[in-house]
Amino acid sequence: MAGSTSIQPIAELLADRYMAQHAGPAVEVQGGGSSAGIRAALSGAAEIGMSSRQLKPEETGLKEYLMARDAIALIVHPGNPVRSLTKEQVRGIFSGRVQRWEAVGGRSGAITFITREEGSGTRGAFEELVMGKETEIAPDGIVQDSTGAARAIVATDPDAIAYISLGMVTPEVAAIALDGVQPTHESATDGTYALTRPFLLLTKGEPTPKARAFLDFVVTPESQATIAEEGYIPVKPAGRGSGA
Amino acid sequence: MKRLNPEVTQRIATVCLWAAAGLALSVLAYIIILVLAKGLPVLTPHFLLASPERMGRAGGIFPTIVGSLALTLVALVVATPLGVGTAVYLTEYTQPGRLAAVIRFGVDCLAGVPSIIFGLFGFIFFVIRLGMGWSVLSGGLTLAVMILPTIIRTAEEAIRAVPGSYREASFSAGATSWQTITRVVLPAALPGVVTGIVLAIGRSIGETAAVIFTAGTALRLPTSLFASSRTMAVHFYILAREGLSMPRAYGTAAVLIILILLINTAANALMVRFRARTQ
Amino acid sequence: MKTKEWLIEKTLLLMALSAVAMLALIAIFVFIEGTPIMAREGLGHFLLGRKWAPTKGSFGIFPMIVGSVWVTIGALVIAGPLGLACAVFLVEIAPRKVADIVRPAIQLLAGIPSVVYGFVGIVVLVPLIREHLGGPGLSVLAASIILGVMVLPTVISISQDALEAVPRTYKEGALALGCTHWQAITRVILPAARPGITVAIVLGLGRAIGETMAVIMVVGNAVKVPAGLLDPARTLTSNIALEMAYAGGDHREALFATGVVLFMFIMLLNSLAALRFGRRRPSP
């Protein structure tokens with residue numbers, strides 16, 4: 001399987017569990033990004049593609065399996081007093097219209113915003129869900145090619161803001177509320193937090209028996225519990241430990 | 001304008017030059033100490049010999065050590081004969097002329113090609129066009145192209161340094177030029193040739209950009225030439241970038257730095273011995 | 001015997017052509033992938049366009065060209081004088097014992113993997129710049145400093161060769177005329193070594209413009225023309241490495257086209273070094 005680097009960590013983990021329980025051929029997990037995962041599934045280079053964004057209308061011919069959902073959180077430095085922004089303010093910041101923290105109720109300072117590179121599934125989802133059709137992410141932003149790098153900058157720069165997977169939020173950074181809703185496991189699961197995207201597994205036509213077995217494994221209660229433990233939103237709540 | 005006394009200028013200049021060399025050395029020392037101070041505590045046999053768990057957040061780096069070694073080995077197996085052959089041709093078979101100039105220009109240019117271009121080329125040529133996929137083979141062959149100039153140049157210098165009297169003695173004993181090369185010249189030049197190979201190993205192990213797009217990033221132990229493999233340098237990059245585990249990132253960096261230190265020391269020692277022998 | 005020797009010679013010739021053949025292969029394949037999109041977009045639009053949004057059909061790499069030029073010049077401002085000073089020190093000033101320590105140390109500096117440089121940049125240099133000079137820290141300045149250190153060994157070893165190649169008699173003559181050692185260095189040795197030093201600088205430029213992994217970590221990668229040293233920027237190399245993993249179709253072609261531009265820059269510098277000055281450089 002190949003594709004989204006956002007799904008890769010959890011897919012690796014599940015693949016390890018799967019192989020520990022099932023004899024037979026190894027499950028190999030490659031990164032490459034959502035678009036590469038979709039192409040790999042289409043071309044047959046991978047038996048399973050991984051995409052962390054919705055398929056585009058022109059990307060047809062694939063069967064989709066929803067494995068989990070992921071919330072995208074906006075993060076700032078823990079010392080930043082701003083703890084809530086509206087979607088409109090976020091759009092303003094990332095489009096370059098709002099350049100200073102005092103304009104959104106913070107202390108005086110220039111905003112450093114960090115975005116992901118073109119082609120990233122996280123960026124694609126952020127553009128789709130926050131920026132909308134009309135506004136674009138301004139070119140002035142720092143561009144980082146990984147969630148960890150974006151988080152590391154926010155952890156050290158009091159003026160920085162970035163968007164990352166909720167599952168990747170650590171205490172070094174503060175996740176802030178969007179339109180008054182704090183991103184948490186619960187708010188993302190019940191849908192009150194709006195910024196979520198699907199983690200899709202893709203096969204070209206009917207999956208091979210080997211792929212089928214893994215796809216089934218992913219939605220077992222234990223696997224879904226693992227997904228919840230890692231900070232993602234399970235699609236089958238059955239196996240979820242309560243109050244996570 | 002008042003001119004400084006030349007003696008005073010001389011003294012100031014000398015101080016500045018010492019300072020410049022001191023600055024270069026302290027940058028080096030700083031980097032090494034920083035990496036080793038934070039990395040050495042992580043270096044346990046377990047870290048070196050265990051497989052990574054949870055994308056490298058836990059466990060060791062064993063598969064990436066194997067990955068680095070496998071890629072380097074493929075690169076050397078291909079580049080060493082080609083490189084030494086080229087050096088022999090340039091030194092023993094050509095007169096300075098147009099052909100030699102073209103070959104040298106090619107070698108010089110190849111040496112100047114940035115590693116990201118090798119990465120692009122390896123990706124489109126080995127991975128895609130030749131259908132090798134992200135694999136040890138694709139990555140190793142890409143590295144082979146990259147280290148070829150290093151091997152050619154050091155081998156050429158080493159062969160050139162073999163005194164002409166060796167060859168004359170061999171010829172006068174009735175040997176053919178090929179016999180002279182294999183039995184007299186190459187053995188005499190061996191330490192120099194090996195220095196080049198050792199330096200090439202250093203470059204291969206430290207390389208990231210050319211490898212990440214050709215060998216892929218799979219964290220499993222590579223079991224065949226066609227398996228994707230992650231090298232130590234790529235693993236370090238991903239650990240540090242993704243912020244998966246800083247202690248393990250430092251640990252991996254420490255292994256890299258120690259290897260580079262060993263490799264450079266070995267190359268130096270060989271070079272000193274070689275110079276002592278040919279002079 | 002004759003045919004065997006002939007066979008050996010031709011085999012060696014084939015091997016010797018391998019480097020040239022590889023260079024040609026690299027050029028051909030990068031060009032095949034990269035040039036169609038340059039033709040479709042128009043060379044002018046591609047090179048001078050300021051908007052890079054490859055997933056939305058805008059392919060302008062002007063900001064990356066400017067970014068690469070800034071960062072490279074910045075690196076040379078640091079590595080040029082410092083490298084030359086170190087070379088003069090090694091050749092003219094250093095006692096033998098000191099030189100024997102400094103020389104391999106400089107080689108070691110060349111052996112440290114670029115990812116390690118980038119890492120040190122991000123954990124040490126970037127916060128330093130952000131706290132003391134302002135801006136996001138990830139900047140042209142940070143990349144210049146890191147690259148400056150990285151190209152230092154290239155500049156030093158080639159300048160050193162150039163200085164050593166100056167005949168001893170030049171220096172002895174100057175000293176005999178009553179010059180101080182420093183006067184001999186600045187008025188006689190350095191001018192005589194100038195062509196070699198120029199080659200050192202040109203090849204240093206080549207290494208700086210081609211460096212990727214260290215730069216991607218510290219330069220900030222913003223797709224805009226930097227307005228100052230403390231601004232983030234994106235280089236040609238970081239553009240390729242940053243987006244290559246995700247790219248397909250036109251996007252991938254545009255990244256190969258970025259590679260074509262980089263390749264042309266490098267070949268230009270290499271040709272300058274190799275043809276104009278007609279002298280070989282030592283191994284890196």
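Aromatic ring centres of Phe236(B) and Phe119(C): separated by under 6.0 Å. Within the 6.0 Å centre-distance limit, the rings of Phe121(B) and Phe126(B) are counted as a close aromatic pair. No close placement of the Phe256(C) and Phe29(C) rings is indicated, their centers lying 6.0 Å or farther apart.
Heavy atoms closer than 4.5 Å to chain B are found in the side chain of Ile93(C), but not in its backbone. At a 4.5 Å heavy-atom cutoff, the contact between Thr180(C) and chain B is made by backbone and side-chain atoms alike. Both the backbone and the side chain of Ile26(C) come within contact range of chain B, with heavy atoms under 4.5 Å apart. Heavy-atom distances place the side chain of Arg252(C), and not its backbone, under 4.5 Å from chain B. Residue contact with chain B, scored on non-hydrogen atoms closer than 4.5 Å, involves the backbone and the side chain of Val115(C) alike. If you measure heavy-atom distances from Ile28(C) to chain B, you find no contacts under 4.5 Å at all. Of the two parts of Ile106(C), only the side chain, counted from C-beta on, holds a non-hydrogen atom closer than 4.5 Å to a non-hydrogen atom of chain B. Proximity to chain B (any heavy atom under 4.5 Å) is shown, for Glu9(C), by both the backbone and the side chain. Interface residue Ile8(C): only side-chain heavy atoms are found under 4.5 Å from chain B. Using a 4.5 Å cut-off between heavy atoms, Leu108(C) contacts chain B through both its backbone and its side chain.
Side-chain contact annotation: Asn239(C) with Arg234(C), donor-acceptor N/O pair under 3.5 Å present. Between the side chains of Thr91(B) and Glu156(B), no donor N or O sits under 3.5 Å from an acceptor N or O. Counting only N and O atoms by type, the side chains of Glu92(B) and Ser177(B) include no donor and acceptor under 3.5 Å apart.
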